[in-house]
Amino acid sequence: MEFQGFERENGEVGVRNYVAVIPTVGCANEVVEEITGRVNGCKALLHHQGCCHIPSDLETVERVLIGWGRNPNVAAVLLVGLGCEGVSIDRVYDEISKSKKPVEKIVIQENGYRKTVEKGVETVKKLLELAKESKRENFDLSKLTIGVKCGASDTTSGIASNPAVGEAIDKIIENGGTVIFGEITEIIGAEHILAKRAVSSEVSEKILSSVKELERKVRSLGIDLRGCNPTPGNIRGGLSTIEEKSLGAIVKGGSKKIRGVLEYGEKPTSNGLYVMISPGREIEFLTGPVAGGAQMILFTTGIGAPQGYPIAPVIKICGNPRTCSRLHEHIDVDVSDIITEGVSVQKAAERILEKVVSVASGEKTKAELIGYDKTVDIYIRGMIL
Amino acid sequence: MKKVGRAIVLHERDNVATMLNDVDSGEEIEVISQHGTFKIKALNRIPFGHKVSLRVIRKGERVVKYGEVIGVAVKNIQKGEHVHVHNLKSMF
């Protein structure tokens with residue numbers, strides 16, 4: 001199985017060929033919006049972080065900004081800083097440059113709004129010319145890293161879309177690919193099962209401790225995540241225990257061995273399956289695997305989650321027949337025939353795999369066609385100071 | 001036309017299947033598994049998304065879905081019976 005992608009200087013392969021314009025702090029968003037609004041073909045990664053964080057969060061933000069820039073879907077980068085932010089624009093610039101792709105930076109406090117915009121537009125036009133030189137070539141699936149997510153889930157997610165995606169990612173891993181899933185909140189109640197699938201006792205321990213750590217933090221705020229699950233709505237839908245609920249979510253992670261636990265935004269060190277410490281909310285979750293190098297996301301939904309991502313195609317898979325017909329403009333792969341016609345999960349997984357290959361080769365996702373792909377953010381765990 | 005219930009087995013180790021539609025007590029359920037389909041009779045009304053037992057599960061036995069333990073039976077459960085919070089409890 002092969003797809004057609006863009007090879008980068010460092011040997012990684014993109015499924016898209018974007019010039020990314022990245023604010024190093026939320027205060028630079030206006031300038032980035034103006035620049036990207038004036039030139040076709042570039043992508044803004046607007047977020048709200050980059051300053052007044054506790055040190056561990058500042059480290060996370062820098063990791064994400066570097067990871068965005070290094071993502072193989074990005075051909076070239078323009079960084080826009082304010083000047084006084086906590087994030088070091090120079091460090092971000094240097095780290096992205098190591099991937100050998102063209103990187104430029106401009107700072108608002110050195111130029112003011114108008115001049116920064118003007119310079120930014122010129123720079124982006126120049127970077128777009130460089131990006132145009134890349135052409136699609138054939139590569140096997142070992143060049144793919146895929147993030148997996150479920151959102152706006154319902155009963156059909158645990159029966160149809162999540163098991164089908166689980167089957168599909170098993171195949172991707174068998175073909176040498178890399179897969180990242182996470183959402184630690186969704187793992188609670190099934191962490192012992194995931195831990196059994198770890199390649200080493202060290203990884204197993206890390207899975208258990210990531211859940212413990214999240215539960216401890218949330219408990220300190222007076223909330224018991226384990227005790228409030230399954231919710232009354234889950235029980236009406238047929239879920240009897242927290243184990244069952246969590247299994248229904250993590251089944252989208254397939255059945256392969258777990259190679260490691262990644263920090264949020266961290267890049268996997270080899271191929272295979274990884275768990276990333278990440279939240280369930282879409283706008284922050286999606287940033288995690290993309291900053292970790294994922295070129296695409298497989299995203300299951302029941303009720304209908306519309307969001308894409310600026311620099312990575314997000315494939316929506318749905319098992320709810322009503323959602324698939326009502327929201328067909330948002331759903332890329334309809335697997336509702338698992339429910340309506342008793343089609344096997346394996347057959348549905350084949351369709352998902354075909355879609356992965358065609359989207360990787362350039363076919364636009366529904367979110368890309370609509371342009372439902374602009375809202376992102378970075379997962380911050382401490383206070384804003 | 002006689003209504004047919006339909007349920008899916010998500011893993012070969014499972015002792016329950018998940019309903020793909022609603023079924024009434026006494027109606028037949030066509031169970032879809034990786035190794036083909038077979039029929040069982042529903043002993044209760046079982047709604048869409050809820051679980052049906054594929055065999056006798058004794059009190060204290062583990063209930064398995066997705067190939068993993070989702071809890072323990074707190075009552076004897078008959079083949080074709082609705083499996084939910086009244087006869088299945090979390091192991092936490």
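Chain letters run A, B, ... following the sequence lines, proteins first and then strands; every chain starts at 1.
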Among B:Met91, B:Met19, B:His84, B:Glu68, residue most engaged with chain A (heavy-atom pairs, under 4.5 Å): B:His84
salt_bridge(B:Arg6, B:Glu28) N-O dist < 4.0 Å: no
Under-4.0 Å salt bridge between A:Lys256 and A:Glu174: yes
B:Asn76 and B:Lys59 side chains, donor-acceptor separation under 3.5 Å: no
Interface residue of largest heavy-atom contact number with chain B, from A:Ser344, A:Gly237, A:Ser246, A:Ser255, under 4.5 Å: A:Gly237
For chain B, the option from A:Thr155, A:Val251, A:Leu247 that forms the most heavy-atom pairs under 4.5 Å: A:Leu247
Pick from B:Lys65, B:Lys89, B:His50 with the largest number of heavy-atom pairs that fall under 4.5 Å of chain A: B:His50
Per-residue contact mode, B:Tyr66 against chain A (heavy atom under 4.5 angstrom): side chain
Which atoms of A:Lys196 approach chain B - backbone, side chain, both or neither, heavy atom under 4.5 Å: side chain
Heavy-atom pair with the smallest gap, counting every atom of A:Lys206 and A:Val261: NZ-O, 3.3 Å
Chain A contact via B:Val69 - side chain, backbone, both or neither, heavy atoms under 4.5 Å: backbone
Which atoms of A:Arg236 approach chain B - backbone, side chain, both or neither, heavy atom under 4.5 Å: backbone
Contact winner vs chain A - B:Leu20, B:Ile70, B:Thr18, B:Val83, heavy-atom pairs under 4.5 Å: B:Ile70
Donor + acceptor pair across side chains of A:Thr340, A:Asp337 (<3.5 Å): no
When A:Asp154, A:Thr156, A:Ile235 are compared by non-hydrogen pairs under 4.5 Å with chain B, the top option: A:Ile235
Residues A:Arg226 and A:Glu215 bridged, charged N to O under 4.0 Å: yes
Any donor-acceptor N or O pair under 3.5 Å, side chains A:Ser157, A:Asn162: no
Interchain contact, A:Glu167 with chain B, by part (heavy-atom threshold 4.5 Å): neither
Salt bridge flag under 4.0 Å for residues A:Lys149 and A:Glu183: yes
Which of B:Lys51, B:His11, B:Gln34, B:His82 touches chain A most, by non-hydrogen pairs under 4.5 Å: B:Lys51
